Every structure is written in structure tokens, then in C-alpha cells.
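Reminder, nothing fancy here: chain letters follow the sequence lines and each chain counts from 1. All values derive from a computational prediction rather than experimental measurement.
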Amino acid sequence: MTLNRRIFMGTGAAAMASLSAPSVLADGHGRPRVVLIGGGAGGATAARYLAKDSKGELDVTLVEPSRTYFTCFFSNLYLGGFRDIDDLGHNYGTLAAKYGINVVHDWAVGVDRDSKMVTLAGGSKLPYDKLILSPGIDFVDGAVEGWSVSSQNAMPHAYKGGSQTELLKAQVMAMPEGGTFAMVAPPNPFRCPPGPYERVSMVAHALKSSNPTAKIIVADPKEKFSKMSLFQEGWANHYAGMVDWIGSDFGGGNVSVDPNAMTVTIDGEETKVDVCNVIPAMKAGRIAELAGVTEGNWAPVNAADMSTKADADVYVLGDASQQGDMPKSGFSANSQAKVCANAVRGALTGSKVFPAKFSNTCWSLIGTDDGVKVGATYEATAEKISKVDGFISSTGEDSATRKATFEESEGWYAGITADMFG
Amino acid sequence: MGVALFAKMTLAASIAAGTSFANEIGDAEAGEKVFSQCKGCHQLGAGAKDRIGPHLNGIFGRRAAAHEGFRYSKSMQRAGNDGLTWTAKTLDAYIENPRALVSKTRMSFRGMKDATDRANLLAYLRNFSDNPSNLPEAEPTATATDHDLDPAILALKGDPEYGEYLSNECLTCHQSDGSAVGIPSITQWPEEDFVVAMHAYKRKIRPHPVMQMMAGRLNDDEIAALAAYFKDLE
């Protein structure tokens, strides 16, 4: 039995302290090295906790190409006019300066698991004892007929934070009077299950004041979606007659687009549109595949510590992982990161490893001060991360409750970004 | 730390890799065999149709008698109108003794006495309902770790180091610097107040779904540990 698998709980573990010698002695290379790829809700959180809690015992390197990280969560609020784009940008200065994390702004382009080495686009190599991948999502090639990354300027996905979000907002604001906004919604599983529908709400909110005769069409390959009754109630209340959601029962999954002609064809019927937000099917960020830890589109992981099924020294967090019942969300990635950081630190320094507990809450804004939420707690079972309890906002709630829910989400944004970036 | 918890810990340590603290509903593979008793009337899976009984795709989380196009008994319709929703708990009671839950149900099945068979069957059925990773509001797939509540344990001395670890979850929303933006500050509370508040959430006396959920799965040692940690956090 290797030490990193041993589970310690509470002070009682002191009785076992004699067993807890470091399992990975720094074999002549100084401090044990942890390399993290991807500086979002998973990677930044894990890096910060590893550096903070190990108090200098670990050499922590975070690889992230962006100097400024724009959160994808809350980007819909920017579309709706409830946030400035600058409010969504965060940098890595505190992680470097206060926590001593080696922040490398470069792309990871290869992982050699035999020699335990990461290669960067700039040519440098980073050796590791433990590797944590948190690369988020990429899109499945050919998922929406007619669309590719080369057409993302004409038809933005806006499903990675930053420039795409700004582009989509500019297009929405430039729509002609009475114009049409189309969304091609993604199939399961995808990042942020309520995200596309919050986006519909926020686009409707922006158009309601600037362009009230505009229309929104959603082509969806699914029969139902998260918080469906809450969103549909909200659309009827705030944006009556504006939103036309076409589910799979009505051909919403049979879609092609033409980015040159700006047309969308849904179940054989072609429509000329002014803005088309194509959110294609998703898969794990490319580096997970390059590292050889994916099966199909995602990377299967062990629920107790987020280590991959393929390699006990490689971990995958957040959207890219296939872990069981948790939705792909920033909250989930942040929750998984803390479990993983605790396990990795335990494996490398012999510190106590506590049992895995996970949680997630997804807040969505439907209109001004009209917030809703869905959340759950999860635990590790032998098979997967399993949902054990949960809650969801009710339809027909009073406005004070909805306002409090929205304010709670603002508090959460401040909390999670402080938890990620220090 | 209580003796019982320490015993649990050493057990957990001996199980090593993949140590599980929560239990899946049952063994779905074994449940597939149990389902042969139901197959005469109920279909399941791709292309399932209503026959003598309704098909059972999507049964978890659905209101009783709510599947469109199936003619339910008056008794089942009444149960649905009264708020009966199919969860692992209610389905378990129904399958154990259908007429005990819905007195004049048309399901002519004498009931399944073996609790393990029922659990396995439910685990199998659960695979044909909504998946929580896609619809976070879908029914749970496991039961939470069960903690016994002993009022005397409120006097426990918390371990701040364990509290610091557990606090990770709190700090996703509550800020460690004590600032309160939409979400209240929880730093520098007297330990006793903290413990009392958390137990009130745990017992669902204090209303707030997130806090009830978060507190609901913390045991007494964990609550004491959190109280000890947050007390001195500046």
C-alpha cells in the first residue's frame, strides 16, 4: 500500500503519525514538484492551496497562457449589462508574489508520463512528481454542421471567457431593430448546465430595453435542461413572446449553420439571423488527450482524490474530468481542487489526508434581481463522485427571495475569485 | 475525537484505495436480474413503451401518476395530487408493499421483502433517469454518510487544523477576511455560537437551503473543528 492512499481523519491520526513519512522523497532534486496546467477555477485554486498549505515544502508551478484570466462564470451578466468586462478579469500576480507559485505564461503542448516531463510551446521542459491538469473544455470538431473555429468570428461560441464574450455582446448590441438572435445549444455533457439558458435570459434583458421587438430562437438537441421550469417561468414573466425554445422533440437537434450567409437551418427550415451563438459539443481541453489520460471525450478520474484512472501521478480537475454526478462548473472545479490539493500534498509531504467532500451551487440570473439556484453535495463512493443531497429554487418564489439569491451569487463570485487568485 | 470516529478512521485507513464514505443506492448489475420480476409489465431503456404498466424511464424525481398518456388508478392519481414524488425512499416503500403506500393501485405485485434486492433494483432503475451531472437538480444517486447526533458532543474540543481543511468549502462563499458581500461573515464567532448555529442548520431549524445542506453532512467533530478554526481567523 502506498502512503498517498492512506486516509487520515482528525486529530486521531496523530496516533498514526509515525507512519506518515513522506512517500516521495525528493530524489536528489530538492523539493517535490507539482506542475499544474490551466489557471482557472480548478488549477488556480489547487495551486494556491498547495502553496499555501505546504508552507514552502512544495515547488508549485502553474502553466497558464493568459496573463489576464476572464472568468466564464458571470460572463452572461456582462452580456446582460450587470457587469463590466473588467470585473471579470483577474491576474496571477498575487499567486506569484504572495504564495511563491512559479507562474509560467505559456501553452503546455506535450506530457511525457514515462519521464514525468511537460513540454511548453516555447520549448522549455518542466519535470514533475505530480501533474494536475485543469484545462477546461475544447470543442468537438464538426459537432455543428457548417461551423468550425475559423468561423467563430461570424458565429461566436462565447463559451470560453474573454474576447469571445466581448464579441458576442458587441454583435447583440449591433442587431437591427426587430432582428433575430439564434443560439445553437450544446448536447450533454457540457460546461455549466444552466449557462446557455441564463445567456438567453441576459440577451433578452439587454434587448428588451434597446431592441424590444427582437426575437431569440434556441435550437436545442435536448428534451430538457437544468432549471427548465424556472427559466421558462422567467422568460414568460420578463420577456413574453421574445424567446422561442425548440427542443429535440421539435427538431432542435437537427441543425446546420452557414456563417457566410448568416443562416441557421433547424429541422429543414432555413432562417436568416443577425447573431448566431453556436455552442458546440464539448470535450476535455486538448492537453488531457495529449497526456493520454482521456477515454472518449473526457478524462476518467478516481473520486477520492481526482487522480486519473490512467496514471496515479496525473490528476484532472473540473470540466475536463469524468468523475460522476457533479456538473461541469467553476464551483465544482474549485471544490474538486481542494480535495485534490489535500491528497497531493499528503502524498508528497506526508501531511494528513482528509476524506473527500464536494459541493456545487449554480446561480443563474433571469432578470434584474431575479436570481435562482440549484445545488448539491457529493461524496466519493467506490465508483464515482455521487450526489447525496441537493436543493433547487422553486417557481413562484417572492421577489425578496429572488433578490437575496442574486445577492448571494455576487457574494459567491467575490468569494471564489479570492479563493482562486488570493 | 470520539472513540467511535477513531474506529471508523482506522477501518477507513485499512480499506485504502478508493475508500468510500458514502454508499451507492445498490448494485445496479444485481438489480438488472431483479428487474426480471417487473419485466412482464414494465419496459425500460431505449424505445421503452407503456404496456400493462408505464415504462420506467425517468421515474426518479417524477410526480406519481404524472407520466402522460398512461391511465393510472384513481388511487395513484390521488397520491400524485397529494404530492407523492418518486425518490429512492418512496419507490423503496412502494416496491416493498405497493398497497401499503397506494391502497388501490392497479399494480398487482405482492411486494419485495428483501431490502437488498430492492436497493439493487432501485440502483438499476436509477440508471434510466436523469443524470445529476447534466441536470444538477436530478435525484441523488447515493446516500450521505450517516452521522449520529449526540448533544453532549457539543462540548467537544475542536481541532483547528482539521477545521482549516474543512473550511475550504465555507470559503468558496464566505470570505476569510470577514467581509460580508451578500453572504454573511463567519469569522471570529464565539465557538459556542458557531456550533449552535451549525447544528440548527443541520436539524433544519434555521432556514437556508445551502447552509442546511452544508451543515447536514458535517458531524459533531467537524462542526467543532470549524468553530475552533474560524474563531481565530483574522
| Segment of A:Phe406 engaging chain B (4.5 angstrom heavy-atom cut-off) | neither
| What do you reckon, are the aromatic ring centroids of A:Phe73 and A:Trp412 less than 6.0 Å apart? | yes
| field | Atom NZ of A:Lys309: over 12 foreign heavy atoms under 6.0 Å | value | yes
| Considering only heavy atoms, which portion of A:Asn334 lies under 4.5 Å from any heavy atom of chain B: side chain, backbone, both, or neither? | side chain
| Side-chain ion pair, B:Glu222 and B:Arg217, N-O less than 4.0 Å | no
| Between A:Asn302 and A:Ser307, is any side-chain donor less than 3.5 angstrom from a side-chain acceptor? | yes
| field | Toward chain A, the part of B:Gln212 with a non-hydrogen atom under 4.5 Å | value | neither
| Heavy-atom pair count under 4.5 Å with chain B, highest-scoring of A:Ala303, A:Gly411, A:Pro327 | A:Pro327
| task | Using the six-membered ring wherever Trp is involved, compare the ring planes of B:Tyr124 and B:Phe128 and label them parallel, tilted or perpendicular (cut-offs 30° and 60°). | result | perpendicular
| message | For B:Asp130, which atoms come within 4.5 Å of any heavy atom of chain A: side chain, backbone, both, or neither? | response | side chain
| Does any heavy atom of chain B fall under 4.5 Å from the side chain of A:Lys222, the backbone, both, or neither of them? | neither
| Ionic contact status for A:Arg402 with A:Asp369, cut-off 4.0 Å | no
| note | Okay, A:Lys52 and chain B: the region with an atom under 4.5 Å from a heavy atom over there is side chain
| If we ignore angles and hydrogens, is there a donor and acceptor under 3.5 Å between the side chains of A:Asp53 and B:Tyr165? | no
| request: Name the member of B:Ser133, B:Ala180, B:Pro209, B:Cys173 that forms the most heavy-atom pairs with chain A at distances under 4.5 Å. | output: B:Ser133
| Given a strict heavy-atom distance threshold of 4.5 Å, which part of B:Glu169 is in contact with chain A: side chain, backbone, both, or neither? | both
| remark: Looking only at B:Asn131, B:Leu135, B:Asn168, the option with the highest number of non-hydrogen pairs under 4.5 Å against chain A is B:Asn168
| field | Backbone N/O of A:Ala414 and side chain of A:Thr417: donor-acceptor pair under 3.5 Å | value | yes
| request: May I ask you to name which of B:Ile183, B:Thr172, B:Val181 has the most heavy-atom pairs under 4.5 Å with chain A? | output: B:Thr172
| said: Can you confirm whether or not the ring centre of A:Trp363 sits under 6.0 Å from the ring centre of A:Tyr413? | reply: no
| said: Does anything in residues 211-234 of chain B form a ring pair (Phe, Tyr, Trp, His ring centres under 6.0 Å)? List the pairs, not counting sequence neighbours. | reply: B:Phe194-B:Phe230
| field | Toward chain B: residues of residues 185-192 of chain A with heavy atoms under 4.5 Å | value | A:Asn188, A:Pro189
| remark: From the list A:Lys227, A:Glu410, A:Lys328, the residue making the most non-hydrogen contacts under 4.5 Å with chain B is A:Lys227
| Do A:Lys357 and A:Ser335 have side-chain N/O donor and acceptor atoms under 3.5 Å apart? | no
| query | With no hydrogens and no angle check, do the side chains of B:Glu24 and A:Ser386 hold a donor and an acceptor under 3.5 Å apart? | reply | yes
| request: Could you tell me which portion of A:Ile392 (side chain, backbone, both or neither) has an atom closer than 4.5 angstrom to a non-hydrogen atom of chain B? | output: side chain
